[in-house]
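Throughout, numbering of the chain's residues begins at 1 and tracks the sequence. Everything quoted here is computed from the prediction, not taken from an experiment.
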Amino acid sequence: MQIKNIDYKILLKSLILWLLGSGICVVIFAAVMFYLESAFSYSPLFATLAIAVGCFLASFYLGKKIGKKGFLIGLGVGAVVFAIVTLVSLFVNSGSVTIHTLLRLVILLLSSMIGGIIGVNRKANQSYI
């Protein structure tokens, strides 16, 4: 895929889809934590899951629109989102890279790659097991 062939509207729509999917999950998880009165004990887990759902949706959309190389699409989306989230986290918390950062990398990459692969296979209405 060359840069001059990229449709920026599709990338913008996938970014909006990532933000909406993650935002909706954050609201749902916040309501669950409020009603279960779990305070902030599960907030890092829920934040990672919310971002992973957003990555899945964005990769699914891109894979469906592009129609090929879903694995690489998911890998790219997951890597970009991980880089953004890690930079923001390091800036806000002024912390360092830990085992939780590596776990977040694995979760985001896997959810994005699965979304991209499913999106490519859904475009052609084919079923690859």
Side-chain angles (χ1 to χ4, degrees):
M1 185 168 71
Q2 297 174 349
I3 293 179
K4 60 184 173 183
N5 292 337
I6 293 177
D7 187 8
Y8 291 105
K9 291 179 185 178
I10 293 174
L11 292 177
L12 183 62
K13 287 180 184 178
S14 67
L15 174 67
I16 292 170
L17 189 60
W18 173 67
L19 290 172
L20 284 175
S22 297
I24 290 170
C25 286
V26 166
V27 170
I28 291 170
F29 292 147
V32 167
M33 286 192 307
F34 176 75
Y35 287 120
L36 295 179
E37 299 176 358
S38 65
F40 294 109
S41 59
Y42 295 110
S43 61
L45 172 67
F46 286 153
T48 301
L49 290 177
I51 295 169
V53 168
C55 285
F56 176 86
L57 292 174
S59 296
F60 179 82
Y61 178 76
L62 278 176
K64 188 175 177 183
K65 289 296 182 180
I66 294 173
K68 58 183 176 180
K69 299 182 182 177
F71 181 80
L72 293 176
I73 291 169
L75 188 65
V77 169
V80 168
V81 170
F82 172 75
I84 292 170
V85 169
T86 301
L87 289 175
V88 169
S89 174
L90 291 175
F91 180 73
V92 170
N93 295 332
S94 65
S96 62
V97 177
T98 63
I99 191 72
H100 298 292
T101 308
L102 297 176
L103 183 63
R104 185 182 309 135
L105 171 67
V106 170
I107 291 171
L108 293 181
L109 288 179
L110 283 176
S111 67
S112 296
M113 287 188 290
I114 291 170
I117 291 169
I118 292 173
V120 167
N121 288 333
R122 290 293 251 165
K123 182 182 187 299
N125 291 328
Q126 298 174 353
S127 177
Y128 298 114
I129 295 178

Validation row: Phe29, Leu45 side chains within 4.5 angstrom (heavy atoms)
no
Can you tell me if Ser112 uses its side chain to pair, donor with acceptor, with the backbone of Leu75 under 3.5 Å?
no
On a heavy-atom basis, the closest approach of Val53 and Cys25 is CG1-SG, 3.5 Å
From Phe56 CZ over to Met113 CE, what is the distance, rounded to the nearest 0.5 angstrom?
13.0 Å
Do Thr101 and Phe82 come within less than 4.5 Å of each other through their side chains, counting heavy atoms only?
yes
Please tell me if the side chains of Ile10 and Tyr61 come closer than 4.5 Å, counting only heavy atoms from C-beta onward.
yes
Output the distance between atom NZ (Lys64) and atom CD1 (Ile118), rounded to the nearest 0.5 Å.
12.5 Å
Using the rule side chain to side chain contact (heavy atoms under 4.5 Å, CB included), only one of Leu102, Ile107, Val106, Leu108 pairs with Arg104; which is it?
Leu108
For Leu12, is the CG atom crowded, meaning more than 12 foreign heavy atoms sit under 6.0 Å from it?
yes
Between Ile51 and Val26, is any pair of side-chain heavy atoms under 4.5 Å apart?
no
Would you say the side-chain atoms of Ser59 pair up with the backbone N or O of Cys55, donor to acceptor, closer than 3.5 Å?
yes
Distance from Ile16 atom CD1 to Leu11 atom CG, nearest 0.5 Å?
11.5 Å
Which value, rounded to the nearest 0.5 Å, describes the distance between Leu20 atom CG and Leu57 atom CG?
9.5 Å
